Number of protein chains: 2
Amino acid sequence: MTLSQNLTAALRLRELILDGDLPGGTRVSEIPLSERLGVSRTPLRLALGQLQHEGLLEALPGGGFAVRLFTRDQVMDAIDLRGLLEGAAARLAAERRRGPDELEAIHGCVRQLDLLFDTGRLESENFERYVALNERFHALLIAGAGSEAITGAYERALALPFASPSAFVLLQADLPGSQRTMYVAQRQHRDLLDAITHGEGARAEALAREHARLARENLDLALESEERLARLPGAGLIDRAGSPLEDAA
Amino acid sequence: MTLSQNLTAALRLRELILDGDLPGGTRVSEIPLSERLGVSRTPLRLALGQLQHEGLLEALPGGGFAVRLFTRDQVMDAIDLRGLLEGAAARLAAERRRGPDELEAIHGCVRQLDLLFDTGRLESENFERYVALNERFHALLIAGAGSEAITGAYERALALPFASPSAFVLLQADLPGSQRTMYVAQRQHRDLLDAITHGEGARAEALAREHARLARENLDLALESEERLARLPGAGLIDRAGSPLEDAA
DNA sequence: AATAGTTACTCTGCATGCAACCCGGAGCCG
DNA sequence: CGGCTCCGGGTTGCATGCAGAGTAACTATT
């Protein structure tokens, strides 16, 4: 199956940005980029508009686009927004739930996560599986709300890569106390699901918000060293002025 | 100043949709539309992509776009999302506030609204002013949070016209008990600002959410008769299957 | 030496032409 | 009489050519 030029352009361009090939602040010129991606300028322009709406690009006053730069505080706010939406989704899931089997999928997801922890320490080969299950948990949580409005806002919030629920998981491999953090996170997963199961909306909302706040902590840890930051998806979008990295220089 | 073709296309197309010239479900074809709007197909395609991201259009499987249709429940969810975001903004505004003069603008806005009510009943010529002040209040509320993430999500949520804070104000002119509803709303404005001023984040959040719920009530009132619904911006986007209107037919 | 003016160039934005695809209908065969 | 195939109109998606705006460099003048 041959993908449309528009889609390939958007996917490849997003890849370039997230991989850091186009660092934050870079001006994106159409002609060189169209040659680099192998697509014409017309579908590329469509893709540029898309990524602008996703928040990865910003329009320049004289025309054209540049890769966006995010300050630490903006990233924090994006993380909080994710927590806010997940909290609302959790509350709705708790309050709206119809049948008892509706939660079967997410229960299974949490059980599989538990199994992963029971096998001992999370080593590198398990990390991929953890990331997949973690993303699945959060996706099921959002879907469980049954609110298209929330789903849409959530997807848009995740367009910022470091706001994604698994953004810092890969980083945690060599963070101090990473195992403990992940135990806490898994405990929150279980409690969150428990709250939803018993229809405790307010508790579910509070837990989801608090769960997202783990990412705030991890972001500041990531900003402490260049090598840590490099593991973050979309690290090139973060404006390091005023961060601990910059202060040490 | 001559606007770009892309922008004019987007603005005029949105206007067509919201005015009901392109009712929900209509397929939008590029060529007739480009002639109707007086722009070429290239900038029009850009505008189509934009409106798709805004949620007013949906991509058809075989290519092309159609005007989206929203069910009552989807509209309700969109209203709740607005309340959620306003609640978060109110809480942040209460918790983050730096100087005391930061709230001067919104205090002035509420004072002007109070004046409007003190002059007696809100008649038609005052309604425009009320709408303007009401929108200003909500915009200041969001801006007061100082979170770009929330601002972005809010703007996207407002792309659905009936989710806007003033969507039902014009409707209230001939609703039963409209004056009382607006008194309640204004009381909520004052209480909300009071909570923010005193740094009461949780109270501010709860009030903002409850304030948005007035719109839920108004939506169901609007769905009760065709003539009421016609006053709603973007009424043509609402799927009336299963609504009281349909049941009466 | 600094600044203002000018010129040339690069880039974006737009229009149009072309090809591929999809949908509809008619005709043919089973 | 029904289903399948083939054909035609229409529509979308894409590439390219062109014009205008913005920019940067260079020169001339103060």
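By convention in this document, chain letters (A, B, ...) are assigned in the order of the sequence lines, proteins followed by strands, and residues within each chain are numbered from 1. Computed from a predicted model, the values in this text were never measured in an experiment.
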Mind checking what makes side chain to side chain contact (heavy atoms under 4.5 Å, CB included) contact with A:Glu148, not counting sequence neighbours?
B:Arg68, B:Gln74

Listing request: all side chain to side chain donor-acceptor pair (under 3.5 Å) pairs with a residue in residues 159-171 of chain B, at least two apart in sequence or in separate chains.
B:Asn134-B:Ser166, B:Glu135-B:Ser166

Taking distance alone, no hydrogens or angles, what donor-acceptor pairs closer than 3.5 Å link side-chain atoms of residues 47-56 of chain A to residues at least two apart or in another chain?
unit_1: A:Glu54; atom_1: OE1; unit_2: A:Arg14; atom_2: NH1; d: 2.6
unit_1: A:Glu54; atom_1: OE2; unit_2: A:Arg14; atom_2: NH1; d: 2.7

Quick one: side chains of residues 21-32 of chain B, donor-acceptor pairs under 3.5 Å with protein atoms, not counting sequence neighbours, listed by atom name and distance.
unit_1: B:Thr26; atom_1: OG1; unit_2: B:Pro23; atom_2: O; d: 2.5
unit_1: B:Arg27; atom_1: NH2; unit_2: B:Gly63; atom_2: O; d: 3.4
unit_1: B:Glu30; atom_1: OE1; unit_2: B:Arg41; atom_2: NE; d: 3.1
unit_1: B:Glu30; atom_1: OE1; unit_2: B:Arg41; atom_2: NH2; d: 3.0
unit_1: B:Glu30; atom_1: OE1; unit_2: B:Arg45; atom_2: NH1; d: 3.4
unit_1: B:Glu30; atom_1: OE2; unit_2: B:Arg45; atom_2: NH1; d: 2.5

Going by ring-ring contact (aromatic ring centres under 6.0 Å, His included), name the pairs with one or both residues in residues 12-48 of chain B, residues two or more places apart or in two chains.
none

In B/S/- notation, 5' to 3', how is nucleotides 5-22 of chain C contacted by protein heavy atoms closer than 4.0 Å?
-------BBSBBB-----

Nearest-Å distance for atom pair CG/P, residues B:Leu48 and D:dT12:
9 Å

